[in-house]
Amino acid sequence: MNVLIVRTVAKIGGVSCVDSLHKTLVEQLKQAGYQVDTALLPFVHDSRNLVEQILAFRLLNLSDYADRMIGLDFPAGFVKHPRKFLIVSSESEQRLSVEIGHSVSSLHPVAARVRHAERVALKECKSILCEQADAYEGLAQSYPAIQSSLLRLDYGRLIAMLAESTEKNVELLPA
Amino acid sequence: MHGGAENLANYLVSHISQLGHQVRLLRIPFCYEPAARISGEMLACRMMEIEEADLVIGLKFPAYLIPHPNKVLWLVHQYRQAYDMWDSGHTNIPDTLQGHALRGSIFEADRECFENVNDIFAISPVTQDRLKRYNDVDSKLLRTPLNGPEDFEPGDYGDYIFCGGRINAIKRQHLLIEAMRYTRSDTKLVIAGPADSPADAKRLHRLVERFSLQSRVTLEIGFLPRQRIVELTTNSLAAAYLPIDEESLGYVSMEANQAARAVLTVDDSGGILDLVSDDHTGWVRRPEPKEIADAIDRAFANKNRTIDMGRHARQEWIKKEITWERTVERLVA
């Protein structure tokens with residue numbers, strides 16, 4: 001079985017917290033016998049172009065590219081796959097709706113669209129695994145509907161879930 | 001999940017970094033089946049943004065469509081199924097109104113991209129010609145260097161012809177097996193590499209069985225570690241590579257030349273023809289089993305001559321000075 005990890009790249013010359021998470025995840029998956037590949041996508045944290053970039057991620061349907069997909073944080077979680085898992089490292093840094101809240105009002109149309117897109121993308125996930133407690137609590141509070149999919153990150157459990165995962169319908173992002 | 005272009009990108013990143021530049025690799029997955037999905041993937045790339053890069057080097061469709069004010073292309077892959085492979089009938093784009101519209105949108109996206117880049121390098125004269133013919137775009141030739149050439153130092157000459165690389169109908173490993181049925185009894189062939197699909201692997205196994213070639217044709221189908229490829233190349237008598245009109249010189253043939261092995265190819269294989277000179281550094285035949293069989297027989301009938309041709313091939317290859325240092329200098333100039 002092959003697993004595609006989807007993540008965004010850090011700034012050139014910089015290191016992000018996702019780098020170490022990514023490295024550990026690849027090691028764990030390979031030890032478990034999976035073939036692992038990584039998609040490295042560009043992303044600019046700029047509220048002016050956020051919706052366009054989210055749409056770009058939504059246009060990537062990787063259903064036939066790999067048996068399973070693991071997104072590392074948002075915005076990687078926006079990419080579509082019928083057997084998608086999402087790992088969220090830190091609530092405060094990695095959710096765009098939180099990030100955008102720092103620059104525009106939560107009532108701003110862009111903020112509302114980003115929240116909606118996050119809600120749809122989260123619902124698509126087979127499971128959402130949180131590395132830190134603040135991520136778990138923040139997501140549970142913001143999106144009660146996904147509570148049953150929320151878990152604390154445990155690599156053994158993730159690997160077991162990858163093996164038994166069934167397909168989940170991928171919804172299109174409403175206009 | 002990895003092919004030659006992915007290895008090329010990794011080596012490029014490594015060599016740019018060695019020159020003191022900060023560099024990041026982007027890898028955009030591309031699913032070309034079904035063809036109807038390609039429009040969305042092109043659009044996705046055109047809507048992406050790249051942060052804080054002084055220079056972007058685009059290699060493959062559709063990733064090279066990502067906008068940037070200072071972009072150069074080192075063209076490894078256009079979507080050939082919209083171009084020459086459409087003309088030759090090897091395309092997944094349907095001959096329908098929707099198919100024509102998709103093909104038109106690929107032409108248009110490429111045109112817009114090519115007009116807005118600072119420079120275009122092509123990996124082979126074949127790529128240059130195709131770019132000129134279909135897109136009316138001029139480009140500079142910048143061939144792909146061999147990755148890790150020091151691994152392919154000439155070893156002892158063995159008793160088989162080696163055909164490495166991905167296995168599929170376009171690479172035509174099946175032609176070599178069909179040729180083997182016409183060769184003399186002491187010839188041996190080793191085909192090794194990952195099959196693109198189970199059907200591609202099955203096809204070769206069936207041919208070997210049908211012609212009762214089990215004792216002379218070895219199939220090592222699957223993803224092989226680099227060390228195994230090195231062993232198979234550096235212990236062979238000669239190499240063979242018969243793709244249909246491929247752009248590049250081909251890693252298989254470059255590795256063989258570095259290892260002082262003569263290469264057998266055919267006259268419609270594309271870029272490799274810049275490397276193989278008939279009866280000097282290898283054999284060039286028509287893509288017909290009996291003609292290929294004649295070349296294989298010659299390779300085994302006069303092994304000393306075959307070894308001499310391999311040594312010529314290495315000399316000619318080294319003379320070309322296709323190195324990573326020179327390549328990176330031109331790309332980041």
Side-chain angles (χ1 to χ4, degrees), chain A residues 1-16 18-19 22 26 29-30 34-71 75-76 78-82 170 172-173, chain B residues 1-3 5-7 9-10 13 16-17 20-60 62-71 92 109 194 196-197 222-223 332:
Chain A
M1 185 191 297
N2 51 55
V3 179
L4 177 69
I5 299 171
V6 179
R7 57 166 294 191
T8 52
V9 294
K11 286 181 180 177
I12 296 175
V15 178
S16 79
V18 178
D19 289 335
H22 178 214
V26 169
L29 292 171
K30 284 189 173 170
Y34 292 108
Q35 283 191 308
V36 186
D37 197 7
T38 301
L40 297 163
L41 308 178
F43 189 76
V44 178
H45 288 266
D46 179 347
S47 60
R48 288 169 298 182
N49 305 319
L50 214 48
V51 173
E52 288 80 357
Q53 291 184 86
I54 289 172
L55 182 54
F57 279 49
R58 296 296 290 166
L59 285 165
L60 294 176
N61 183 341
L62 304 179
S63 309
D64 302 320
Y65 194 85
D67 301 317
R68 305 285 186 270
M69 178 198 134
I70 301 174
F78 289 119
V79 174
K80 288 191 284 188
H81 194 284
V170 178
L172 287 172
L173 180 69
Chain B
M1 291 166 144
H2 280 267
E6 283 71 24
N7 286 334
N10 289 330
V13 165
I16 291 175
S17 182
H21 301 287
Q22 292 184 322
V23 57
R24 280 277 179 175
L25 176 66
L26 297 177
R27 296 189 69 226
I28 318 292
F30 175 45
C31 296
Y32 53 88
E33 293 287 0
R37 226 180 248 173
I38 295 171
S39 298
E41 291 174 319
M42 284 194 297
L43 184 59
C45 288
R46 294 182 68 166
M47 292 171 76
M48 288 179 183
E49 292 192 30
I50 294 174
E51 191 170 26
E52 291 183 347
D54 300 316
L55 172 69
V56 167
I57 301 172
L59 300 179
K60 283 176 74 173
Y64 62 58
L65 301 176
I66 299 176
H68 191 273
N70 187 19
K71 181 164 64 173
N92 71 332
D196 277 7
S197 71
F223 183 81
V332 302

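Lettering of chains follows the sequences in order, A, B, ..., and the numbering in each one begins at 1.
- In this structure, Pro42(A) and Ile28(B) have side chains that are in contact, with non-hydrogen atoms separated by less than 4.5 Å.
- The only member of Asn61(A), Leu41(A), Asp37(A) that meets side-chain contact (heavy atoms from CB on, under 4.5 Å) when paired with Pro29(B) is Leu41(A).
- Atoms CG and CZ, from Leu59(A) and Arg37(B) in turn, are 12.0 Å apart once rounded to the nearest 0.5 Å.
- In terms of non-hydrogen atom pairs under 4.5 Å with chain A, the most contact-rich of Glu51(B), Glu49(B), Glu52(B) is Glu49(B).
- Of all heavy-atom pairs spanning Leu25(B) and Val9(A), the tightest one is O-CG1, 3.7 Å.
- Within a 6.0 Å sphere centred on CG of Asp54(B), heavy atoms belonging to other residues, nucleotides or ligands number 12 at most.
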